[in-house]
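Everything on this sheet refers to the single structure shown next.
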2 protein chains.
Amino acid sequence: MRHKNLGKMQCPIARSLERVGEWWSILIIRDALHGLTRFDQFQESLGIAPNMLTRRLAALVKAGMLERRRYSDRPPRYEYVLTERGRDFRSVIIAMTAWGNRHFAPEGASVLLLNARTGKPADPVFVDRNSKRPLADTEFLVAPGPAASDRTAAKLAASDWGASRRLPAARGIRKSTA
Amino acid sequence: MRHKNLGKMQCPIARSLERVGEWWSILIIRDALHGLTRFDQFQESLGIAPNMLTRRLAALVKAGMLERRRYSDRPPRYEYVLTERGRDFRSVIIAMTAWGNRHFAPEGASVLLLNARTGKPADPVFVDRNSKRPLADTEFLVAPGPAASDRTAAKLAASDWGASRRLPAARGIRKSTA
DNA sequence: CCAGTAACTTGCATAATGCAAGTTACTGGT
DNA sequence: ACCAGTAACTTGCATTATGCAAGTTACTGG
């Protein structure tokens with residue numbers, strides 16, 4: 001079934017899901033970040049059906065997440081290595097790992113992120129690169145960006161994320177269509 | 001089709017995907033974080049078929065992401081509000097937003113995260129809460145946690161994320177099964 | 001030269017999804 | 001009291017994706 005629009009949506013989340021929203025995609029990227037590159041490594045790790053894996057890998061290559069690279073000529077063999085875009089996805093993986101550990105690991109975490117120097121578990125929090133302030137603070141809010149359509153702007157105008165005051169940078173709202 | 005195991009996996013990512021891995025789930029949570037609570041608000045915002053929305057909302061309630069709460073007795077009407085767990089998912093949404101903006105917004109961002117004081121766009125990066133160091137540094141690595149099985153530990157032992165040295169905290173590897 | 005294996009691809013039954021239409025239970029106007 | 005309008009779902013059916021088993025191609029090792 002046509003998986004609905006998504007690609008045409010303006011939302012960065014929707015566009016992200018276009019690329020990695022399929023069931024296995026995120027787990028494949030997780031494994032790729034863990035250093036796996038070969039078809040059979042992924043298959044072994046995930047217990048995924050080979051045809052599914054073929055499709056998902058092809059989709060990830062098409063989405064620019066992985067690069068398919070020949071590592072043997074006779075027989076032709078390929079490996080799948082993360083692109084810059086794929087490696088950049090690491091922050092999403094970190095966020096999901098932290099969230100998963102907080103909420104779905106009653107028996108204790110089975111995957112930790114460690115600080116290699118201290119050997120202590122790292123506790124990942126988002127900060128603004130410039131102000132260094134944690135994004136959990138109420139002083140952050142979403143706003144329509146320069147490329148926002150009227151509809152997107154109208155939706156975000158009603159947003160609840162942070163304060164919903166009007167801000168200098170939060171322009172683009174012209175009329176309410178939603 | 002039974003969407004494979006996932007729940008039985010130890011990986012926090014897999015467990016997270018169990019709850020929010022369905023196509024629409026993340027977009028619904030995004031909208032909930034934007035302040036939407038009613039069935040028809042979600043439907044309007046997403047353009048989702050009502051039966052799909054019914055299922056996804058029910059699944060999210062069951063997963064403990066949303067709470068279904070009656071706001072009218074005659075006629076019985078319900079609204080869906082985020083639980084603590086659902087609100088905590090915000091960091092994942094932030095990560096995806098940032099990643100999506102970086103890679104799939106050639107015409108410029110349409111959704112921004114703003115610092116409400118300066119009015120400037122925020123650039124979210126992960127840091128370790130304790131050391132305050134960005135997690136992009138090579139000094140961070142994944143390791144099996146206290147609850148890791150042999151198989152999980154073996155997989156992570158070969159990991160490539162950071163250095164793959166053995167660390168005091170990274171115990172649990174007894175034999176290699178993978 | 002033949003068995004064994006890595007790395008896929010193909011086919012088919014089955015299960016999930018999207019859409020349109022139907023249902024239930026009000027509210028508001030006359 | 002009656003009828004249109006609307007919110008919030010649910011049902012049914014055609015379409016599409018998934019998982020599994022089996023097949024294919026191309027080596028390698030003895």
Side-chain angles (χ1 to χ4, degrees), chain A residues 1-9 14 17-28 31-32 35-63 66-81 178, chain B residues 1-9 14 17-28 31-32 36-63 66-81 158 178:
Chain A
M1 65 221 97
R2 264 271 65 64
H3 247 330
K4 204 69 194 288
N5 35 14
L6 272 278
K8 291 184 294 187
M9 290 191 186
L17 290 175
E18 267 277 292
R19 325 295 172 118
V20 298
E22 304 283 340
W23 249 85
W24 292 101
S25 304
I26 292 183
L27 291 175
I28 291 172
D31 277 354
L36 304 195
T37 58
R38 310 283 193 76
F39 190 93
D40 65 328
Q41 290 177 322
F42 290 115
Q43 194 177 343
E44 206 281 317
S45 169
L46 297 168
I48 185 178
N51 57 347
M52 276 291 94
L53 182 55
T54 300
R55 287 180 216 174
R56 291 280 68 79
L57 287 174
L60 287 170
V61 167
K62 197 159 145 220
L66 294 174
E67 188 195 332
R68 179 179 152 112
R69 139 184 331 165
R70 170 174 286 206
Y71 69 91
S72 158
D73 279 321
R74 284 177 29 269
R77 288 295 128 85
Y78 301 90
E79 63 181 354
Y80 300 86
V81 297
Chain B
M1 67 219 99
R2 263 271 65 67
H3 247 330
K4 206 70 193 288
N5 35 14
L6 272 277
K8 291 183 295 185
M9 291 192 187
L17 289 174
E18 266 277 292
R19 325 294 171 118
V20 299
E22 304 284 340
W23 251 84
W24 292 103
S25 303
I26 291 183
L27 291 175
I28 291 172
D31 277 353
L36 305 194
T37 57
R38 311 280 193 78
F39 189 92
D40 65 328
Q41 290 178 320
F42 289 115
Q43 195 178 341
E44 207 280 318
S45 169
L46 296 169
I48 186 179
N51 55 348
M52 277 291 94
L53 182 55
T54 300
R55 286 180 217 175
R56 293 278 69 80
L57 287 173
L60 286 171
V61 167
K62 196 158 145 222
L66 294 174
E67 187 194 334
R68 180 180 151 113
R69 142 185 327 167
R70 168 174 286 205
Y71 70 91
S72 159
D73 279 322
R74 285 178 26 270
R77 288 296 129 84
Y78 301 90
E79 62 181 354
Y80 300 85
V81 297

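No hydrogens, no waters, no symmetry mates; every other heavy atom, side chains included, goes into these values. Sequence lines set the chain letters: A, B, ... in the order given, protein chains first and strands last, and positions in each chain run from 1.
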Roughly, in whole Å, what's the span from [atom1] in [X] to [atom2] in [N]?
| X | N | atom1 | atom2 | answer |
| --- | --- | --- | --- | --- |
| B:I48 | C:dA20 | CD1 | P | 14 Å |
| B:R77 | C:dT24 | CZ | P | 14 Å |
| A:E79 | C:dA7 | CD | P | 11 Å |
| B:F39 | C:dC26 | CZ | P | 18 Å |
| B:R70 | D:dA8 | CZ | P | 13 Å |
| B:I28 | C:dT17 | CD1 | P | 12 Å |
| B:R55 | C:dA16 | CZ | P | 9 Å |
| B:L53 | C:dT17 | CG | C1' | 14 Å |

Side chain of [X]: nearest nucleotide among [options]?
| X | options | answer |
| --- | --- | --- |
| A:A49 | C:dA25, C:dC8, D:dG19 | D:dG19 |
| B:Y71 | C:dA7, D:dG19, D:dA7 | D:dA7 |
| B:W24 | C:dG18, C:dC8, C:dA6 | C:dG18 |
| A:N51 | C:dT10, D:dC9, C:dA7 | C:dT10 |
| A:P50 | C:dA25, D:dT10, C:dT9 | C:dT9 |
| B:P76 | D:dA8, C:dC26, C:dG18 | C:dC26 |
| B:D40 | D:dT18, D:dA8, C:dA7 | D:dA8 |
| B:M52 | C:dT17, C:dC8, D:dA8 | C:dT17 |

Nearest heavy-atom neighbours spanning [X] and [Y]:
| X | Y | answer |
| --- | --- | --- |
| B:R55 | B:M52 | NH1-CE, 2.9 Å |
| B:I28 | B:R56 | CD1-CB, 3.5 Å |
| A:Y71 | A:E79 | CD2-N, 3.6 Å |
| A:L66 | A:L57 | CD1-CD2, 3.7 Å |
| A:Q43 | A:P50 | NE2-CD, 3.7 Å |

Where do B:F42 and B:L27 land on the side-chain contact (heavy atoms from CB on, under 4.5 Å) test, with the steps shown first?
CA-CA 9 Å; B:F42 289 115; B:L27 291 175; over 6 Å; no
With sequence neighbours excluded, what pairs up with A:E67 under the salt bridge (Lys or Arg N to Asp or Glu O under 4.0 Å) test?
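Partners of A:E67 by the salt bridge (Lys or Arg N to Asp or Glu O under 4.0 Å) criterion, ordered by chain and then number, come out as A:R69.
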Check the phosphate of C:dA7 against A:R38, side-chain N and O only, distance under 4.0 Å to OP1 or OP2. Yes or no?
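The answer is yes; a side-chain N or O of A:R38 sits under 4.0 Å from OP1 or OP2.
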Phosphate oxygens OP1/OP2 of D:dC9: is one of them under 4.0 Å from a side-chain N or O of B:T54?
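Checking B:T54 against D:dC9: no side-chain N or O falls below 4.0 Å of OP1 or OP2.
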Tell me what A:F42 touches on the nucleic acid: a base, only sugar-phosphate, or nothing, going by heavy atoms under 4.0 Å.
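No contact.
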Pair assignment for DNA chain D - dot-bracket with | for other-strand partners, Watson-Crick or G-U under 3.5 Å:
||||||||||||||||||||||||||||||
B:S45: what forms a side-chain hydrogen bond (donor to acceptor under 3.5 Å, both in side chains) with it, not counting sequence neighbours?
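Once residues adjacent in sequence are excluded, the partners of B:S45 under the side-chain hydrogen bond (donor to acceptor under 3.5 Å, both in side chains) criterion are A:K155, B:D31.
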